[in-house]
Structure formats: C-alpha cells, structure tokens
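Heavy atoms only: backbone and side chains are in, while hydrogens, waters and symmetry mates are out. Residue numbers start at 1 and run along the sequence shown. In listed order, ligands and their atoms are each counted from 1.
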Amino acid sequence: MIGLGVMGRNLLLNMADHGFAVVGFDLDSQKTSLLESSATPGTTVKGFNTLAEMVQALEKPRKMMMLVPAGKPVDDVIQSLLPLLEKGDIVIDGGNSHYTDTLRRVTFMEEKGFHFMGCGISGGEQGARTGPSIMPGGDSVAYKDVQPILEAVAAKVNGEPCVAYLGKGAAGHYVKMVHNGIEYAIMQLISETYDLLHRGLGLDNDELYKIYKNWNDGELQSFLVEITRDIFLKKDDKTGNRLVDMILDKAGAKGTGKWTSQDAMDLGVPIPVIDIAVCMREISAYKEERTQAAALYKTSSSDIPVPKEVFIQQVQDALYFAVIISYAQGLAQLHIASKELDMDIPMPQVVKVWRGGCIIRSSLLEIFFTAFQKNPALPNLLLEKDVAQLLHGKKQNLRNVIIHAVHMGYPVAGLMAALSYFDAYRSERMPTNLIQAQRDYFGAHTYQRIDEPGTFHTEWNK
Ligand code: 6PG
C-alpha cells in the first residue's frame, strides 16, 4: 500500500486480517509506526519509509495499491515507482482519480509493460477497515491476480463480496465518480427534508432523530439516512448543544460530484438532481452574500397548513421518490457512458457491488439489482414496471411537499428537479416543438415534422 492515510492504513489492516501478508509505504514515519501498532496480533504487517524497500519486500509479480490524493500525487507516485518496477507488476490506483487521468495512466503504464488499474473504493474509513464496496476496472488480466484479495476484504451482502470487474479502461473510476454524483444528490435531498421538518415544522433534534430512525427502519433504509439519524443526537463537546446546530452551513466538495455533472453534459445525459446538488453546495459557499440577501428579502414564515403527522409522511414519500430518481439518473449516465466511452460496464454488477459497503448502499438497490438482472441493457430504471409501481404510490406526496415548500419559501431544488425530470421523462410530447420553431425562425436550423420524414425550413416572417 502506497500512502498510509486513514483509508490506506485501514484497507491494508483489513487485508492483513484476512490472512494476507502486507507491507505499506509512507514518507511519514509516524504513519508507518501507527500502521504496525494498530495491526491485529498474529497478522503480518510491515511499514517502510522508502518506496524501494517496500517494493523489494513484495513477491513478484508485485501487487501494489496507492491511496493518495487525486491529481498530481498519483503521477508523482507513478514516476517514483517506474525505476523500481518489473514487467508484469500490478499498480492499482484506489483513490478518486478523474477517469481521463486514469485512461492516460493505463496507456502510459501498458506501454512500459506494467499493469495499471483504476479502482473506486467507497465506504470511508470504517468501510475500508471492515468491508468497503470496491469498483475495479481496466486491465482484466491483472484483475484476476488481485481478485482473491479484493473479494476477501470487500463488504459482503448475502455472502457475496461487493466487488466485481466493472469494465474496460477507466470504468472503475467512472463508476465511482457516478456513485459520488448519486451520493451528492441523496445528501442534498436529505438536507431538504431536514430543512422542511426543522425550520418548516419547528421540530427539534430529538424529534428529528425519531423520524429518521423510523425512515431507516422502513423502506428508506440506507447508510445515509442511518447516519443522518445519529447526527441529530451527537452533542458538541465545547457547548453542550447538539453539534449539528453548531456547524457552519457551507458545504465542501472535492469535485467528484461536479465531474459527474460535467461528464453527463458532455454525453448529453440529463442528471438534474445531481446537477442541483452540486449547485446547492456552491450556493452554500456564498454565506456572506446569503446573509445580506436574507436581510433584504425577509419574509414572515407561516405554518404548513397540514397536520404534522400528515406532512411528515408526505416528506418521507417525497424523499423516497426523489432518491429513486437520483439512482435512475446516475445509472442512465452509466448506461450511456458504457457505450460512448467503450467501457462495457456490466450494469447488474454495478448495482450488486453498491448493495453493501458504500456510501449509497440502500435497500432500494435490491430492487434495482432485480431490474438489471432481468434486463442488463435497461436504459432507465423508470422504464421498469416494479420501479414504476413504487413511484406511482409516492408521486402525489412529492407534489404536495413541493407545493407547501414553494408557498413557504423553502428551497427544495433537489425535490423539484426530481419531479420535473419525472414529468418530462413521462411526457410523450414535450413543448420542444416550439423550441425547434424558434431555432428555425432565427437561425434556419431546420426542424423535422410529425407527419413526414425529412428536414424542413420555413421562412417564418414572410
Ligand atoms: C466514499 C466517498 C468518498 C469521499 C467523497 C467526499 O464513497 O467513500 O464518496 O470517496 O468521502 O469523495 O466527497 P466530497 O468531499 O466531494 O463531498
């Protein structure tokens, strides 16, 4: 393991716990010491402070993974490794690299006779230690060599490991990027429900805990709802208040959500809930401007005109609906990207791997897994009958929640984006005939007709 930060150390210790003799490298001797001191007694774990020593300690062909920050650090590691490697050695990038960087590195390393794989890993530090979801792609020969290790350390669902070969080229990092896009979307949606229940209904953290607990015990069961539940109970050591109330409302972002949106735009795949999630984090960063605008556009808040229990149920249904739409958008992007970027992504395997260990794991993924097993070429989850059934039952409450939120002036852009996407996607006829007319009017861009084939242009103002 190259890079013994929290993720690298924990994943390496996880490998050791499964009977593999492992070595790790980090320049920082405190990190190598911590690695060795936190190893389970009886396991074989050794830390080195030079890359050469670490490489020499490995059996050939060497199997190495790096978990270092995306970008230049990955290229730096590759450059440092080059003089130390022999033909057939395997290097895996387990970080959140941009897939185009991975493609470039795969070609570069292949030309030199080395195997290079991009591999998404999800689950945070706890996941790395006890069982992450692992998304490898690229060199399928190298995958066979590391498969037993990855299968041993991955999370298990129904006894099956949450790891699978996910396609050619940079498929592993592409799938992880879209995973993170969906992660952004679901987090945004949960934050909107929190706002409606907290500011809108005036519920306190104890009441919120109970609501999210109920949701997590039911059909909304998922890692993100589960941790949201627990966040409401956490006390702040400094003030004794609930910690969530003491946290500044400015969201950070390392970029994977934005990359998902950028790439979807390039591919022409609409993923508006993910786009909005990125935008809302951006708006949150403008705290000072928001504070000025809040004073300028102050409105008196009014109560939601529905009984509390009824509204809570409506919000639950709205979240359920919009979460399904978020997965549908991300998976539709993978479906298209698989073909357009020549990755051959096995969609049932993607959904299978996401069922456990990762940040977007959720009981919904079992339903989606069944859908993709039936039809691996399913272009959009919304076309699957079982999913349609789920959405039918919830759509009215999503509309109800949006109506109340709009009346009261609460921002619910994620929920609205989910509903608008749904309403557009299920429209056999969209108003884009008018857009075509406008384009042809001012730019002679031509249009097609509904009653005969061909391309037409009209002199509109004659
Ligand atoms: C995971 C997470 C992980 C990381 C996010 C955070 O799957 O374990 O997605 O990769 O926590 O990249 O992303 P932001 O900093 O952009 O929110």
Side-chain angles (χ1 to χ4, degrees), residues 3 5-11 14 65-71 73-74 92-99 101-102 118-137 150 153-155 157 162-164 166 170-191 222-228 231 247-264 271 273-285 323 326-327 330-331 333-334 350-351 353-362 365 414:
V6 174
M7 290 293 288
R9 182 180 71 247
N10 280 345
L11 194 60
N14 181 353
M65 177 181 276
M66 65 176 107
L67 266 165
V68 299
V74 177
I92 302 173
D93 173 11
N96 277 333
S97 290
H98 194 282
Y99 80 93
D101 284 338
T102 304
C119 178
I121 299 178
S122 178
E125 51 181 300
Q126 187 60 25
R129 187 71 183 85
T130 58
S133 170
I134 308 179
M135 295 157 246
L150 298 182
V153 299
V157 170
C162 293
V163 57
L166 295 184
H173 278 150
Y174 198 94
V175 170
K176 177 60 175 30
M177 176 186 79
V178 173
H179 164 284
N180 281 28
I182 298 171
E183 172 185 305
Y184 273 51
I186 298 175
M187 290 168 77
Q188 171 61 27
L189 294 167
I190 294 176
S191 77
S222 60
F223 174 73
L224 285 169
V225 172
E226 182 187 324
I227 63 165
T228 305
I231 283 170
I247 295 178
L248 186 67
D249 52 340
K250 266 181 169 181
K254 294 204 192 74
T256 44
K258 182 181 75 179
W259 297 346
T260 311
S261 286
Q262 285 173 328
D263 209 67
I271 55 162
V273 186
I274 295 172
D275 300 338
I276 276 296
V278 176
C279 290
M280 286 295 147
R281 287 198 191 190
E282 287 165 354
I283 292 183
S284 83
V323 164
S326 306
Y327 284 110
L331 290 165
Q333 178 171 353
L334 286 182
V350 170
V351 179
V353 161
W354 285 353
R355 290 181 309 167
C358 68
I359 304 296
I360 63 168
R361 63 185 185 260
S362 131
L365 284 160

So, Arg361 side chain and Cys358 main chain: donor-acceptor pair closer than 3.5 Å or not?
yes
Under 4.0 Å from any heavy atom of Gly255, which atoms of ligand 1 are there?
16 (O)
Those atoms of ligand 1 less than 4.0 Å from some heavy atom in His179
7 (O)
Verify the distance criterion only: is there a donor paired with an acceptor across the side chains of Ser97 and Asp101 at less than 3.5 Å?
no
Quick note on ligand 1: atoms under 4.0 Å from a heavy atom of Arg281 include exactly 14 (P), 16 (O), 17 (O)
Just to confirm my output: which protein heavy-atom neighbour is closest to atom 8 (O) of ligand 1, and how far is it?
Gly123 N, 3.0 Å
Taking atom types as modelled, is there a side-chain donor on Asn96 or Lys176 under 3.5 Å from an acceptor on the other?
yes
One finds that the ligand 1 atoms under 4.0 Å from a non-hydrogen atom of Lys254 are 14 (P), 15 (O), 16 (O)
For Gly124, the ligand 1 atoms whose distance to one of its heavy atoms is below 4.0 Å:
8 (O)
Any donor-acceptor pair under 3.5 Å linking the side chain of His173 with the backbone of Gly95?
yes
For atom 16 (O) of ligand 1, what's the nearest protein heavy-atom neighbour? Residue, atom name and distance, please.
Tyr184 OH, 2.4 Å
Identity and distance of the protein heavy atom lying nearest atom 11 (O) of ligand 1
Glu183 OE2, 4.6 Å
Considering heavy atoms of the protein only, find what lies nearest to atom 4 (C) of ligand 1 and give residue, atom and distance to 0.1 Å.
Asn96 ND2, 4.3 Å
Distance col, row Asp263:CG vs Tyr99:OH, nearest 0.5 angstrom, shows 3.5 Å
Examine distances only and state if a side-chain atom of Arg355 and a backbone atom of Cys162 form a donor-acceptor pair shorter than 3.5 Å.
no
Just jot down the ligand 1 atoms closer than 4.0 angstrom to any heavy atom of Ile359, in number order.
1 (C), 2 (C), 7 (O), 8 (O)
Are Ser261 and Asp275 linked by a side-chain donor-acceptor pair shorter than 3.5 Å?
yes
For atom 7 (O) of ligand 1, which protein heavy atom lies nearest, and how many Å away is it?
Ser122 OG, 2.5 Å
Short version for Gln126: what comes under 4.0 Å of ligand 1, heavy atoms counted, is neither
Verify, without hydrogens or angle tests, whether Ser133 (side chain) and Val353 (backbone) share a donor-acceptor contact under 3.5 angstrom.
yes
I need the nearest protein heavy-atom contact for atom 12 (O) of ligand 1: residue, atom name and distance, please.
Asn180 ND2, 3.0 Å
Non-hydrogen atom of Ala253 closer than 4.0 Å to ligand 1:
yes
Sidechain-backbone polar pair: Asn180 side chain, Gly257 backbone, donor-acceptor under 3.5 Å:
no
